[in-house]
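Worth saying up front: this structure is predicted, and the values here are computed from it rather than measured.
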Amino acid sequence: MINMTWEMFLQHLANGISLGSLYALIAIGYTMVYGILRLINFAHGDIFMMATYFAFFGVFFGLPWYIAFPITIILTILLGMGVEIAAYRSLRDAPKISIMISAIGASFLIENLAIVIFGGRPKAFPTEELFTKVVYIGNISVQRLTFIIPIVTIILLVMLLYLINKTKTGMAMRAVSKDHETAKLMGVNIDRTISTTFGIGSALAAIGGIMWGLKFPQIQPLMGVMPGLKCFIAAVIGGIGNITGAVIGGFFLGVSEIMLVAIFQGLTGYRDAFAFIILILVLLFKPTGIMGEKISEKV
Amino acid sequence: MLKIDNLVVAYGGIEALKGINLEVEEGKIVTLVGANGAGKSTTLRSVVGLVKPKSGSITYNNIDLLNMKTQDIVKLGITLVPEGRRIFPNLTVLENLKLGAYFRKDTNEIKKDLEWVYSLFPILKERHWQMAGTLSGGEQQMLAVGRALMSKPKLLMMDEPSLGLAPIIVNELFNIIKEIHNQGVTILLIEQNANAALHIADIGYVIETGMIKIKGEGKELLNNDEVRKAYLGENVSN
């Protein structure tokens with residue numbers, strides 16, 4: 001059953017790390033929104049899907065990738081902020097269940113709009129030689145992308161952690177995540193802070209989406225559903241609300257998923273189920289996740 | 001400075017404030033005393049826009065506050081130290097203080113105010129790097145007051161600052177309130193500890209089930225039989 005050479009192992013590991021990086025980028029969006037609104041943004045996977053279409057059409061209409069991709073990121077940010085304003089903002093003081101249902105509604109709406117507008121048939125994502133070129137290291141052959149993805153992810157993570165922990169905006173975000181009302185008393189504009197959070201999460205989803213499209217160059221309107229669920233699981237594994245945790249959860253899920261399929265090839269069909277089994281185990285044995293905060297406060 | 005006229009606030013049909021009138025003159029310490037649920041907190045929360053009143057008016061230096069957002073009201077120089085301290089436990093002490101000055105742009109003045117807050121509460125300087133959630137209750141209250149001062153308020157409103165604090169710390173806190181007042185900050189203080197509050201107040205209001213029952217000078221209210229009986233726990237007959 002286990003029949004793997006060292007080279008093959010490294011190859012799978014590289015694949016797992018790059019898949020994990022993509023999960024990590026999307027998981028950050030879930031965890032940030034949860035942190036600030038205590039809401040699972042079910043539309044996040046669909047925002048990721050939309051990003052791949054924005055990039056597709058950008059290149060389709062003849063824009064070079066270095067223009068199409070930044071435009072994709074901007075459009076995705078606007079979409080993410082738009083969803084927040086349209087579907088969540090007016091429900092801020094409503095019971096949690098209302099806003100959750102609104103999130104599910106937003107998700108279905110985006111998916112079905114995409115089917116109507118783009119058609120249900122998969123489209124081929126334009127691949128860029130620059131990213132997809134295969135390089136050989138010893139007997140291992142990997143796409144450049146396999147290295148680019150984790151590097152981009154780590155750079156973005158460092159930038160994000162700096163923003164959250166060292167800047168005034170980040171301080172406001174941390175304050176709002178604990179106590180909306182008191183943050184208002186400090187003169188913090190809650191709406192703008194929440195908007196920024198959605199913008200950042202969507203930008204990361206857009207970058208993840210572009211790299212996803214380059215790695216798996218076939219896009220379709222429901223492609224966001226499964227990665228969306230898995231990245232939510234990654235965020236839970238890492239401890240929802242914790243950004244570093246989401247990244248660790250993403251890597252963990254990506255690597256173990258690839259390795260499971262590589263080692264137990266008979267289980268290939270259960271690949272997606274694996275993530276959910278992990279979710280159940282985490283919820284049973286460590287509901288706060290790997291980095292979950294243990295809150296000890298004196299009152 | 002602050003003028004509340006005929007303010008009515010209702011929570012889902014139940015009137016918490018039934019038309020109260022209250023005035024805070026610049027440079028004074030005004031206190032609003034009353035039992036739990038009398039409407040003290042609701043009054044302060046209305047001023048900063050956290051509660052939307054049903055009718056009445058609230059003006060600050062003739063500016064109508066009723067249709068303003070909390071974040072803009074704060075910029076006028078009105079700050080509320082909320083009930084239960086509400087410090088940000090996940091931020092350091094220093095970050096909490098900086099957040100108090102969030103909307104200010106005058107970096108140099110902010111630094112001076114930080115030094116002032118540190119001189120009022122030396123413990124905060126000592127612990128500036130600590131997560132605020134690890135402070136003791138008294139220290140958290142100091143932080144909440146310090147954080148409010150960082151916004152350079154002209155009117156400082158405090159909601160039950162003595163709640164849950166040891167008597168010795170309450171004394172310390174009231175001395176600091178006087179000290180802040182001496183620096184030219186007008187103070188509107190809500191207290192269940194009517195005795196302590198009326199001792200330092202120029203003007204006192206007694207609120208009962210959403211209505212102002214008595215208004216008078218602080219010292220005068222301390223000697224008022226009704227107040228002594230209801231709020232100071234004294235047996236008036238002897």
Going by heavy atoms in the side chains, are [X] and [Y] under 4.5 Å from each other?
X	Y	value
B:Asp159	B:Pro82	no
B:Ile78	B:Leu65	yes
B:Phe88	B:Asn96	yes
A:Met211	A:Leu25	yes

- Message: If I measure from the heavy atoms of chain A, does B:Arg147 come under 4.5 Å with its side chain, its backbone, both, or neither?
- Response: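 Side chain only.
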
- Can you say whether B:Leu50 sits under 4.5 Å from chain A via the side chain, the backbone, both, or neither, judging by heavy atoms?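 Just its side chain gets close to chain A.
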
- If you round to the nearest 0.5 Å, how far is CG of B:Leu44 from CD1 of B:Ile4?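 It is 7.5 Å, given to the nearest 0.5 Å.
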
- Item | Pairs of heavy atoms under 4.5 Å with chain B: top-ranked of A:Met186, A:Met171, A:Lys184 |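 Winner by heavy-atom pair count: A:Met186.
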
- Task: Could you tell me which residues in residues 155-169 of chain A have at least one non-hydrogen atom under 4.5 Å from a non-hydrogen atom of chain B, sorted by residue number?
- Result: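 Listed by number, the contacting residues are A:Asn165, A:Lys168.
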
- Message: Only heavy atoms, only distances under 4.5 angstrom. Which residues in residues 165-180 of chain B are near chain A?
- Response: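 Counting heavy atoms that sit under 4.5 Å from chain A, no residue of residues 165-180 of chain B is involved.
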
- Between B:Asp72 and B:Lys69, does a salt bridge (charged side-chain N to carboxylate O under 4.0 Å, His left out) hold up when you go through it step by step? CA-CA 5 Å; B:Asp72 299 320; B:Lys69 287 187 173 165; over 6 Å; no

- What about A:Phe251 and A:Tyr23, are their ring centers closer than 6.0 Å?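 When the ring centroids of A:Phe251 and A:Tyr23 are compared, they turn out to be at least 6.0 Å apart.
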
- Item | Contact leader toward chain A among B:Arg104, B:Arg86, B:Glu95, B:Met150, where contacts are heavy-atom pairs under 4.5 Å |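 So the answer, after comparing B:Arg104, B:Arg86, B:Glu95, B:Met150, is B:Arg86.
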
- Using the side chain to side chain contact (heavy atoms under 4.5 Å, CB included) rule, pick out the option among B:Asp64, B:Val47, B:Asp5 that qualifies with B:Ile58.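 The passing option is B:Val47.
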
- Can a donor-acceptor pair be found between the side chains of A:Asn41 and A:Tyr34 at a distance below 3.5 Å?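 There is no such pair (donor and acceptor under 3.5 Å, judged by atom type) between the side chains of A:Asn41 and A:Tyr34.
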
- Query: Any luck finding a side-chain donor-acceptor pair between B:Glu191 and B:Ser162 under 3.5 Å?
  - Reply: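 There is such a pair between these side chains.
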
- Task: List the steps and the verdict of side chain to side chain contact (heavy atoms under 4.5 Å, CB included) for A:Arg92 and A:Leu37.
- Result: CA-CA 8 Å; A:Arg92 202 152 290 157; A:Leu37 280 185; 4.1 Å; yes

